[in-house]
Amino acid sequence: MLPMSFPFFSKLRHHKEHLRLIKNEMQRVRAKIASQATDFQPHVREYMTHLCMGRGKMIRPGLVLLTAAATGGIKEEHISFAALLEMLHMASLVHDDVLDKADTRRDRPTPNALWGNELAVLLGDTLLAQAMVLGTRIGDLRFNQRMALATRDLCEGEVEQSTRLWDVAMTRAEYYEIIRKKTATLFAMAMSGAAMLQGMQEEMVEHLNRMGTLLGISYQIYDDCLDLLGVDAQAGKTLGTDAQKGKLTLPIFFLMESDNEDIAAEVHDAVKNRSGFNLQRLRQTESFHTALRLSANEALELNEEAREVLWRLPESPAREALAETTYRLDEMLQECCNGIFIHS
Ligand code: FPP
Ligand code: MG
């Protein structure tokens, strides 16, 4: 029988503290990503260097390294895996920014803003291909099969999302399934893949897969709240694109079910008629803040569930750091629904 709460996991105050444990390995992952551009001929290398030098939050590599450290130690394969996962994520963002017509990401102009959609799509493909090259250097067939399935899920989630824009018939369950695929798959892959490369039992691999899935869904809910609330300059990326494009996210579902019937009808009609939301005005309403709070609460529950998986791992500083990562996400959600979000 598993205990229901985790009183001994410390609550994180300094949000980068939990990453200190893997500081050196994270540096190696960054260096590995940066060095990938050298595989290309000079003209292409220029573009690839630009893409590979972007400073992301490195959440997925962080999960790989902490899970590896919590399950027996970080091996060379984990460094390559962390780099390949981040590159795959970067490739998906290059494409996503084309789809979302976003001009800023990680405080820099996006590839589509710099070089146009055509070249951006090709560069995203090139980055994806290079991530696959790195993957083949990890000579584990089961691992590579899992990686391929995760990549397929990521793409399928994105296709489903693009075909359900402005779809008033879409359900919350469908929303959850889309974000599981487009975001949580790579979080789940980070944790389960790290355990696989460690040679852990299948049961433990699946528990960690579940923890990654819960955290990934929770993170996407945070991101969806941020998009509606957003102040681009603070987030370092273009926000408000979900609402403009008709992406139905959790706060939008809550708005369509608001106790305030006028707001509920306004948002419902905006979706049905594809007329777009008056975000400026909605942000001034009580219903908007209630929708963000209710969304954040769902994500906080997922984090609580994710923490329960950690009891299955032996006690270690890395297990503590994984718990702290989940508390950090709690804080981000709380700050977001209080309207003082921060970009970490
Ligand atoms: C960000 O979502 C985007 C994703 C989570 C996945 C995007 C995936 C693709 C475009 C499929 C192509 C995949 C590959 C492998 C090349 P968001 O728009 O909600 O978040 P944002 O606010 O960070 O843009
Ligand atoms: Mg986007």
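Counting convention: from 1, in listed order, for ligands and their atoms alike.
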Report yes if some N/O of Lys182 lies less than 3.5 Å from some N/O of ligand 1; otherwise report no.
-> yes

Cationic tip of Arg164 within the cone over Tyr175's six-membered ring, i.e. under 6.0 Å and within 45° of the normal?
-> no

Among all protein non-hydrogen atoms, which one is nearest to atom 1 (C) of ligand 1, and what is the separation to 0.1 Å?
-> Asp96 OD2, 3.4 Å

Verdict with reasoning, Arg210 to Glu305, per salt bridge (Lys or Arg N to Asp or Glu O under 4.0 Å) = CA-CA 10 Å; Arg210 180 171 158 68; Glu305 236 185 284; 2.3 Å; yes

Residue-ligand contact Gly124/ligand 1, heavy atom below 4.0 Å = no

Considering distance alone, does some N or O of Asp97 sit under 3.5 Å from an N or O of ligand 1?
-> no

Check Ala120 against Val94 and note the closest heavy-atom contact, atom names and distance.
-> O-CG1, 3.1 Å

Check ion pair Asp227-Lys247 (N to O, under 4.0 angstrom) = no

What residue and heavy atom of the protein are closest to atom 21 (P) of ligand 1, and at what distance?
-> Lys237 NZ, 3.5 Å

Closest to atom 15 (C) of ligand 1 among protein heavy atoms sits Leu88 CD1, 3.6 Å

Is there a donor in the side chain of Asn303 and an acceptor in the side chain of Ser218, or the other way round, less than 3.5 Å apart?
-> yes

Identified side chain to side chain contact (heavy atoms under 4.5 Å, CB included) partner of Thr285 from the options Ile263, Asp262, Asn260 | Ile263

So does Glu160 pair up with Arg180, basic N to acidic O under 4.0 Å?
-> no

May I ask whether His89 has any heavy atom positioned less than 4.0 angstrom from an atom of ligand 1?
-> no

Protein heavy-atom partner closest to atom 20 (O) of ligand 1 - residue, atom, separation in Å = Asp223 OD2, 3.2 Å

Ion pair Glu76/Arg137, N-O distance below 4.0 Å = no

Can you check whether Asp100 has an N/O within less than 3.5 Å of an N/O in ligand 1?
-> yes

Checked the Mg ion (ligand 2): protein N, O or S atoms closer than 2.8 Å come out as Asp96 OD2, Asp100 OD2

Atom 7 (C) of ligand 1: which protein heavy atom is closest, and how many Å away?
-> Glu158 OE1, 3.3 Å

Presence of salt bridge, Asp330 and Arg307, under 4.0 angstrom | yes

What residue and atom, counting heavy atoms only, is the protein's closest point to atom 12 (C) of ligand 1, and at what distance?
-> His95 ND1, 3.8 Å

Please determine if Thr151 has a nitrogen or oxygen closer than 3.5 Å to a nitrogen or oxygen of ligand 1.
-> no

Considering only heavy atoms of Cys155, which atoms of ligand 1 have at least one such atom less than 4.0 Å away?
-> 13 (C)

Are Glu324 and Arg319 within salt-bridge range, i.e. N to O under 4.0 Å?
-> no

SB check Arg30 Glu25 (cutoff 4.0 Å) = no

Charged N-O contact under 4.0 Å between Asp97 and Arg105 = yes

Mutual orientation of the aromatic rings belonging to Tyr47 and His43 [parallel < 30°, tilted 30-60°, perpendicular > 60°] | perpendicular

Can you list the atoms of ligand 1 that are under 4.0 Å from a heavy atom of Leu128?
-> 15 (C)

